[in-house]
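Counting starts at 1 for both ligands and their atoms, following the listed order. All residue numbers in this chain count up from 1 along the given sequence. What you are looking at is a predicted structure, and each value in this text was computed from that prediction instead of being measured.
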Amino acid sequence: MTETLEHHFDETIAHERRIEPRDWVPDGYRKTMIRQIAQHAHSEIIGMQPEGNWITRAPSLRRKAILLAKVQDEAGHGMYLYSAAETLGADRAELTEMLISGRQKYSSIFNYPTLTFADVGVIGWLVDGAAICNQVPLCRSSYGPYARAMVRICKEESFHQRQGYELLMTMMRGTQAQRDMVQDATNRFWWPSLMMFGPPDASSPNTAQSMAWGIKRHTNDELRQRFVDMSVPQADKLGVSLPDPELRWNAERGHYDFGAVDWDEFTQVVKGNGPCNVQRVAHRRKAHEDGAWVREAAMAHATKAKQPAEL
Ligand code: FAQ
């Protein structure tokens with residue numbers, strides 16, 4: 001029996017068809033998929049904090065409305081992704097518990113502080129830009145619910161990226177102090193954005209198997225290179241420099257060469273020692289604890305709704 005199921009799974013992957021929730025999958029596939037989807041969901045939820053920090057201080061009503069909409073979208077992305085993880089048998093409450101107890105990861109990028117309003121623009125440009133670069137190929141990921149969630153998420157991330165770039169364009173047309181803010185934010189977020197793609201291929205334990213299962217479509221280094229190639233002309237157009245003296249066009253490779261990423265910094269941030277890790281998790285824990293009464297009320301309401309109506 002397992003042999004037939006395994007054959008069906010292998011055939012589905014080999015023919016690039018989708019795995020659906022009721023299909024049999026190897027334990028490793030389920031585990032990897034839950035890990036990736038949960039980490040992605042946690043990233044969207046924790047990712048609301050750095051920009052959320054600026055909602056009350058947005059410089060105009062228009063910027064405030066845009067930022068509110070963006071942060072709400074991120075909450076929505078987290079919800080689709082937790083739902084996708086649930087189709088694999090994961091329990092949403094347990095996933096949240098794993099996040100706030102530090103047993104599951106979220107993207108390293110959200111452990112850096114947002115010091116000025118230019119950071120909001122740079123997060124849109126570079127962080128959402130990197131997210132799109134990483135996630136567009138995931139629309140073809142082998143797990144159906146994840147791939148379908150990714151289609152909508154990517155559409156919304158494109159809007160996020162454009163609003164960030166438009167904000168930066170506006171600031172670059174402003175005063176010298178505003179241009180300096182944009183350059184400073186770019187300097188601080190460039191390298192952490194490159195780290196979003198994960199460790200180099202040679203030290204990425206999951207890539208080979210995830211590629212074989214069609215979960216990932218490109219390696220971490222391939223996507224990092226794609227992101228660098230895409231960002232250099234955007235930086236030129238914007239009028240900012242990227243903080244990498246080794247960045248130059250390599251005609252032979254048809255790509256930009258770039259300097260070495262500080263992987264020690266990445267390891268430290270992923271281990272919990274980045275500038276804002278403690279603050280981010282504490283804030284998430286508090287929001288979860290403060291929301292306990294809402295969950296209790298929703299459960300009480302659901303139980304009541306199941307009972308026959310009183311005459
Ligand atoms: N930070 O073997 P690999 C967003 C972990 S975008 C922290 O290469 P894999 C939108 C990795 O999980 C950000 N941990 O792993 C937004 C693994 O953990 P393990 C979220 C990292 O999975 C924008 C270990 O290191 N996007 O939120 C990082 O094959 C603006 C070994 O690595 C996604 O999650 C990192 N940067 O490849 C929201 C996209 N990199 O096994 C708000 C989907 C790696 O020890 C504002 N995910 N690790 O538990 C993926 O594509 C993949 O999971 C990778 C990592 C590429 C991130």
Side-chain angles (χ1 to χ4, degrees), residues 28 31-54 67 70-78 80-81 84-85 98-99 102-112 114 119-141 143 146-147 149-150 153-154 156-161 163-164 189 191-213 215-224 226-227 261 263 265-272 274 277 280:
K31 219 171 135 212
T32 301
M33 220 45 260
I34 292 177
R35 175 187 61 80
Q36 179 165 326
I37 298 175
Q39 288 181 358
H40 194 167
H42 298 330
S43 304
E44 298 280 359
I45 297 299
I46 295 277
M48 294 162 73
Q49 292 185 38
E51 291 164 288
N53 177 36
W54 282 94
L67 190 53
K70 180 182 193 287
V71 173
Q72 276 180 359
D73 284 352
E74 282 150 12
H77 298 173
Y80 307 146
L81 288 164
M98 304 253 264
L99 168 67
R103 282 175 293 148
Q104 265 180 355
K105 299 187 170 87
Y106 58 90
S107 182
S108 49
I109 190 74
F110 303 117
N111 292 307
Y112 292 86
T114 41
D119 292 19
V120 170
V122 167
I123 289 179
W125 171 37
L126 295 178
V127 176
D128 283 283
I132 295 167
C133 198
N134 171 256
Q135 286 162 213
V136 166
L138 294 176
C139 297
R140 293 185 294 112
S141 188
Y143 189 57
Y146 185 50
M150 224 35 71
I153 290 177
C154 285
E156 294 181 351
E157 307 278 33
S158 308
F159 155 69
H160 296 173
Q161 205 259 359
Q163 70 78 37
F189 276 95
W191 291 106
S193 300
L194 295 193
M195 294 175 196
M196 285 176 71
F197 295 91
D201 294 349
S203 39
S204 161
N206 300 301
T207 294
Q209 183 60 74
S210 288
M211 300 266 290
W213 277 331
I215 293 174
K216 283 168 83 164
R217 294 292 177 175
H218 301 280
T219 72
N220 300 353
D221 286 333
E222 281 165 10
L223 292 172
R224 195 173 358 260
R226 191 178 283 187
F227 175 68
V261 175
W263 292 114
E265 177 181 322
F266 171 77
T267 307
Q268 282 308 316
V269 175
V270 173
K271 270 195 192 156
N277 295 60
R280 299 291 186 238

Any idea which heavy atoms bring A131 and M196 closest together, and the distance?
N-CE, 4.2 Å
Can you name the nearest heavy-atom pair linking R280 to F110, along with the distance?
NE-O, 2.6 Å
Is Q104 in contact with ligand 1, taking contact as a heavy-atom separation below 4.0 Å?
no
Looking at ligand 1, is there an atom of it that comes within less than 4.0 Å of some heavy atom belonging to E157?
yes
Which word best sums up how the rings of Y146 and H40 line up, parallel for under 30°, tilted for 30 to 60°, or perpendicular for over 60°?
perpendicular
Can R226 and E222 be counted as an ion pair, charged N to O under 4.0 angstrom?
no
Indicate yes or no: does K70 engage D73 in a salt bridge with an N to O separation below 4.0 Å.
no
Quick check on contacts: which atoms of ligand 1 are under 4.0 angstrom from a heavy atom of [X]?
X    : answer
D128 : 23 (C), 30 (C)
E51  : 46 (C)
G198 : 40 (N), 44 (C)
Y106 : 1 (N), 7 (C)

In Å and rounded to the nearest 0.5 Å, what is the CD to CG distance from E74 to D128?
6.5 Å
Of the protein's non-hydrogen atoms, which lies at the shortest distance from atom 55 (C) of ligand 1, and what is that distance?
K216 NZ, 4.2 Å
Tell me: protein heavy atom nearest atom 57 (C) of ligand 1, and distance?
M196 O, 4.0 Å
Donor-acceptor check, side chain of Q163 to backbone of H160, threshold 3.5 angstrom: yes or no?
yes
Would you kindly specify which portion of V270 sits under 4.0 Å from ligand 1, judged on non-hydrogen atoms: side chain, backbone, both or neither?
side chain
